[in-house]
Amino acid sequence: MGTGRPAQPGAEGARDGARPLMSVRGLGIRFKTAQGVWQATRKIDFDIAPGERVGIVGESGCGKTITGLSILRLLPGNFAGLDGKILFDGIDLASCSARQMRAIRGKRIAMIFQEPMSALDPVFTVGHQIAETLRVHTDISYEEARAKTLEMLRRVGIASPERRIDDYPHQLSGGMRQRVMIAASLICGPQLLIADEPTTALDVTVQAQILELLRDISETSHTALMLITHDLGVVAETCTRMITMYAGEVIEDASVDEALVRPLHPYTSGLLRSLPHLCPRHGRLPSIPGRVPSIAEMPNGCRFRARCAHAAKGCEAEQALQDAGGRRVRCWRFAELNLPGALHPPGPAAAPMVARQ
Amino acid sequence: MTATSTEPREPIVSVRDLQVRFQTTDRRATVKAVDGVNFDVRRGETFGIIGESGSGKTTIGRALVFLLKPSAGAILHDGVDPTALSRSAFRSHRRDYQIIFQDPNAALNPRMTILASVLEPLELARVGSKAERERQAREALERVGLPQEFGARYPHQLSGGQKQRVVIARALTLRPKLIVCDEVVAALDMSIRGDVLNLFADLQRDLGLTYVFITHDLAVVSHISERVAVMYLGQFVELGPTEEVAERPLHPYTIALLSAEPRPLPSSMRTDARIVLQGEVPSPIDPPSGCRFRTRCPHAQPLCAERAPDWRELTPDHWVACHFADRPNFSPN
Ligand SMILES: Nc1ncnc2c1ncn2[C@@H]1O[C@H](COP(=O)(O)OP(=O)(O)OP(=O)(O)O)[C@@H](O)[C@H]1O
Ligand SMILES: Nc1ncnc2c1ncn2[C@@H]1O[C@H](COP(=O)(O)OP(=O)(O)OP(=O)(O)O)[C@@H](O)[C@H]1O
Ligand code: SF4
Ligand code: SF4
Ligand SMILES: [Mg+2]
Ligand SMILES: [Mg+2]
């Protein structure tokens with residue numbers, strides 16, 4: 001149980017100079033399409049410290065999933081090229097050999113998806129699938145692998161795992177399948193778990209169970225978590241840092257508390273203010289006009305410009321992800337804009353919160 | 001938004017002991033999708049229904065507009081049982097009760113222009129002359145904030161939010177009294193959702209519409225609705241004014257649901273009072289005896305397995321089905 005815990009010491013490690021577990025630099029992904037080559041993401045930079053829990057948020061199509069997939073080089077067939085570097089413990093995942101990638105994928109970096117059914121093989125029992133992952137990566141007997149699988153199923157909260165281990169995926173509920181996927185991804189003790197919308201298909205009460213499990217495992221095993229979601233509430237409950245993406249770029253990177261209380265990018269601020277339950281009932285919801293530009297017709301300069309209430313002369317220039325005192329933002333006006341966050345108008349607890357930072 | 005004296009005094013919808021059963025695909029079992037639900041929808045209000053996947057929300061919504069036939073119980077529109085009407089009277093009656101679903105792509109024919117899609121229900125209902133129908137369709141598009149030139153476009157040329165506006169326009173052409181909105185913003189992007197919710201509020205104010213707003217999103221329901229019903233396994237477990245249900249929930253399931261909702265608040269503002277329910281929703285084919293929530297309820301007693309709790313009005317306008325809802329120690333706060 002328990003939310004509301006402060007950011008862990010060490011979680012800020014990457015920014016305090018400790019060696020990051022992973023450094024993504026200038027990452028960009030291109031796709032071949034009938035209309036030519038599309039630049040789906042570009043200039044993506046971020047670090048993840050060992051054991052840190054980072055949320056990647058943004059609207060549909062902004063590039064969250066393909067960023068996660070590119071880390072494991074699981075890109076679709078029509079992908080046309082990868083720019084930049086993904087340094088993981090000294091190895092560049094963007095350019096390493098397929099063999100090196102196979103040794104890392106599933107063992108040191110694991111990934112889970114929104115729909116566990118598509119990742120589980122319907123013809124094998126869940127126990128077999130988890131144990132196989134272990135046997136591919138380690139020299140271990142069948143019995144040992146089965147014992148470890150049982151232990152892991154228990155760890156992810158499957159009741160009477162000895163009865164469930166020989167079930168087929170279709171015999172399990174959605175929440176149980178997601179637990180099985182988490183068990184399979186954790187069985188080799190990865191240093192980084194990439195979870196792509198792991199609870200979007202689940203009910204709120206089951207979502208709460210899975211998020212608690214992810215948080216708990218990250219804390220006790222010191223597994224770093226990269227949690228991809230469009231739900232800012234999920235990030236607030238689970239992560240310590242929040243990276244916001246817009247139209248294929250990282251536009252803000254800050255601690256969850258900072259980002260929620262005092263966002264620096266107009267898009268992050270607009271998003272927070274447009275969430276329904278932060279408004280008095282029946283009040284009008286502040287909304288962001290317009291729509292996300294499509295990849296085929298990306299504007300020059302700031303990609304948020306056409307929708308931004310603060311656009312000014314100067315916003316037509318390319319925006320760099322710049323340092324803003326321990327956080328980063330892709331907006332040259334950040335220092336002069338005083339943008340509202342989730343607590344608008346600021347609640348009583350907001351003041352000490354800001355002061356403490 | 002309030003009823004004028006010329007309008008009937010009855011609630012716009014009365015639901016009595018509604019039951020809807022389905023055969024499973026192998027025909028060996030019966031799913032009690034809705035199992036004994038009672039409520040009224042008041043004229044001009046937004047009535048929210050929340051609950052987990054499979055609890056029966058959509059089934060209720062479909063039954064309300066007579067897209068499916070109740071297995072038992074009654075649904076009255078303005079005090080009238082529409083199934084007792086003649087065929088032609090029933091057909092014109094149905095226009096007043098519309099439903100909009102989550103996925104605008106499924107609702108729009110990709111080969112029809114936007115204008116043709118909006119015109120279609122008017123043509124099927126043979127309303128007025130051709131010119132009159134076109135005028136109404138254009139007016140509906142304008143109402144939902146789409147510029148005239150959108151009429152000539154095709155669905156794939158529109159964004160998700162714009163497509164949902166077209167679907168709303170389509171439902172509006174027949175000038176309904178009530179619209180069942182089933183997860184209508186769930187498929188929309190975050191930054192667009194607010195716009196569409198604002199549109200629903202504007203239309204209600206301008207046209208005096210009544211909504212039944214079905215969603216699993218607590219934030220959405222508490223923003224838009226005056227009253228909210230909480231569903232669990234085919235039954236209502238709680239019903240009351242939204243603010244009261246949100247602030248003083250009576251049923252242990254509502255309490256758990258509210259505490260499970262992830263909130264985008266900084267750590268200093270989140271409480272530790274979270275109840276993480278164990279287990280998952282049982283199957284509606286074979287629901288637990290007595291209280292259906294007892295397999296997951298942190299307060300379950302032996303009585304809960306023996307007897308189903310009554311549906312009672314514990315405080316004025318606030319209904320609950322729990323043997324122990326009057327005990328003050330349920331709530332974590
Ligand atoms: N195989 C592909 N070919 C061409 N474009 C693609 C391909 N896969 C993804 N894209 C495009 O790349 C962009 C980013 O897609 P991605 O799936 O990463 O989005 P996302 O942020 O995960 O969105 P969502 O929240 O909807 O899952 C989108 O515009 C998408 O249309
Ligand atoms: N046509 C049908 N045939 C058989 N079973 C059905 C049918 N329609 C619904 N059901 C079952 O009835 C129950 C209630 O379904 P319903 O779609 O009303 O749930 P819901 O609350 O709308 O869920 P969700 O939040 O997932 O939309 C479920 O168990 C569902 O599987
Ligand atoms: S650079 Fe200009 S347009 Fe872009 S977010 Fe900042 S103020 Fe708005
Ligand atoms: S009747 Fe019993 S099991 Fe049902 S909600 Fe109340 S206390 Fe829980
Ligand atoms: Mg995605
Ligand atoms: Mg439904």
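Owing to the predicted nature of the structure, the values given are computational and were not obtained by experimental measurement. Quick note on labels: first sequence line is chain A, next is B, and so on, each numbered from 1.
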Checklist entry - Heavy atoms, side chains only, cut-off 4.5 Å: are B:Asp202 and A:Arg284 in contact? => result yes

Checklist entry - Taking side chain as C-beta onward, heavy atoms only, is B:Arg296 less than 4.5 Å from A:Thr205? => result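 The answer is yes, as the side chains (C-beta and beyond) meet within the 4.5 Å cut-off.
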
Checklist entry - Got a sec, which residues hit salt bridge (Lys or Arg N to Asp or Glu O under 4.0 Å) with B:Arg153, two or more places apart in sequence or on another chain? => result none

Next on the checklist: Which residue is it: B:Leu197, B:Asp195, B:Val196? I am looking for the one with a side-chain contact (heavy atoms from CB on, under 4.5 Å) to A:Ser287.
Outcome noted: B:Asp195

Next on the checklist: If I compare all heavy atoms of A:Glu237 with all of B:Glu261, which pair ends up nearest, and what's the gap?
Outcome noted: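 Where A:Glu237 meets B:Glu261 most closely, the heavy atoms are OE2-O, 4.0 Å.
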
Item to check | Least distance between heavy atoms, A:Arg307 atom then B:Ser191 atom | outcome: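 Shortest heavy-atom separation between A:Arg307 and B:Ser191 comes out as NH2-OG, 2.9 Å.
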
Checklist outcome for this item: Bottom line for B:Leu257: the part with an atom under 4.5 Å from chain A's heavy atoms is both

Checklist entry - Would you find a donor on one side and an acceptor on the other, under 3.5 Å apart, between the side chain of B:Glu52 and the backbone of A:Val204? => result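 Answer holds: no.
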
Checklist entry - With no hydrogens and no angle check, is any side-chain donor or acceptor of A:Asp257 less than 3.5 Å from a backbone partner on B:Pro266? => result no

Checklist entry - If you count heavy-atom pairs under 4.5 Å with chain B, which of A:Pro289, A:Gly157, A:Ala208, A:Gly290 comes out on top? => result A:Ala208

Item to check | Atom group of A:Leu271 that falls short of 4.5 Å from chain B, counting heavy atoms | outcome: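 Just the side chain, heavy atoms under 4.5 Å.
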
Next on the checklist: Which residues pass the side chain to side chain donor-acceptor pair (under 3.5 Å) test with B:Asp182, not counting sequence neighbours?
Outcome noted: B:Thr58

